[in-house]
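Please read the structure below before turning to the comments.
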Amino acid sequence: MTLSHTWDLSPAKARILQEELRGQVVHDDLTTGPPARVAGIDIGFERNGSVTRAAAVVLGCPGLDVLDTAIARRPTRFPYVPGLLSFRECPAALAALEGLTASADALVCDGQGYAHPRRFGLACHLGLLTSLPSIGVAKSRLIGVHEPVPDKKGAWVPLRDGGETIGAVLRTRKRVKPVFVSVGYGFTLARAVELVLALTPRYRLPETTRQAHRLASG
DNA sequence: GCGACAG
DNA sequence: ATCTTGTCGC
């Protein structure tokens, strides 16, 4: 079964495709114990936005040492539309992930997973296409409501939408704005939160995204 | 019609 | 995301 599809489509068609693909996402825990190798991906733009640059890294756990890195560039073909981020970032992201030599047990994405209008954010899309257990860690909210998060590292409150828990608002550092965690593919919310905490010994964002970001910038 | 709106 | 330096606070 080949899941790959075209990236040359309209926003309207993209939304319809999300509705079709959402049913193929696995929500059971496909993790085989604590991940020993975790991949991270981050996207940036060059040439006035005409080129999308993706950086991927693989870190060993729990040491968080960099085991492998890869960078890929692709022409930017899709605009930024809230709710359709994956159509803009996946082409370059998939290319970077394919460039990795080291295999990974899990993938941490920079954006939402299940916490999405159609429950199919970037992390779900990338996880489905790569068959890698994945989660989304976003710096801000796309949808959902939540109570205040206690100001203590590790504290979290459910992110909800229409009575359903779609993610977790997690405090990775005391006195620092919380992050939005949601499952992507083959993950449970509890395990997703667990993984994020294992990747944030010191900073707000997961070490995977930080390493991918610095690799793509300086 | 008026906001909200991952990166 | 990106354009950009110093600066306030722990």
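Any value given below was found using the heavy atoms of this structure, including those in side chains, with hydrogens, waters and symmetry copies removed. Proteins get letters first, then strands, A, B, ... in listed order; numbering begins at 1 in each.
Heavy atoms of A/L122 sit under 4.0 angstrom from at least one base atom. As judged by a 4.0 angstrom heavy-atom cut-off over every strand, A/N48 is placed among residues making no nucleic acid contact. Nucleic acid contact for A/G44: sugar-phosphate only, since backbone atoms but no base atoms lie under 4.0 Å from a heavy atom of the residue. Across all strands, A/G49 comes closer than 4.0 Å to no nucleic acid atom at all (heavy-atom distances). Residue A/L84 is classed as a base contact, given a heavy-atom separation below 4.0 Å to a base.
A straight line from NE2 of A/H116 to C1' of B/dA6 spans 9 Å, rounded to a whole angstrom. Separating the CD1 atom of A/I166 from the P atom of B/dC5 is a distance of 13 Å, rounded to the nearest angstrom. Atom pair A/H213:NE2 and B/dG7:C1' shows a separation of 11 Å (rounding to whole Å applied). A straight line from CD of A/E89 to P of C/dA1 spans 9 Å, rounded to a whole angstrom. Going from atom CG of A/L85 over to atom P of B/dA6 covers 9 Å, rounded to whole Å. In this structure, the CZ atom of A/R202 is 17 Å from the P atom of C/dC10, given to the nearest Å. Rounded to an integer number of Å, the gap from CG of A/D42 to C1' of B/dG7 is 9 Å. Nucleotide B/dG7 holds its P atom 7 Å from the CD atom of A/Q112, rounded to whole Å.
Between A/R141 and B/dC5 there is a side-chain N or O to OP1 or OP2 distance below 4.0 Å. For A/K139, no side-chain nitrogen or oxygen approaches OP1 or OP2 of B/dA6 to under 4.0 Å. Phosphate contact (OP1/OP2 of B/dG7, side-chain N/O of A/S140, threshold under 4.0 Å): present.
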| Candidate pair A/F87 and A/H125, rule ring pair (Phe, Tyr, Trp, His ring centres under 6.0 Å), full reasoning | CA-CA 9 Å; A/F87 292 90; A/H125 208 155; 5.3 Å; yes
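Distance alone, capped at 3.5 Å, places no donor-acceptor pair between the A/R160 side chain and the A/H146 backbone.
Distance check, rounded to the nearest 0.5 Å: CD1 of A/I143 to CD1 of A/I166 gives 4.0 Å.
The residues A/R171 and A/D151 are annotated as salt-bridged, a charged nitrogen and a carboxylate oxygen being separated by less than 4.0 angstrom.
The number of heavy atoms from other shown groups lying within 6.0 Å of NZ (A/K174) is above 12.
Stacking is found between A/Y80 and the pyrimidine-like six-membered ring of the B/dG7 base under the 5.5 Å centre-distance and 30° plane-angle cut-offs.
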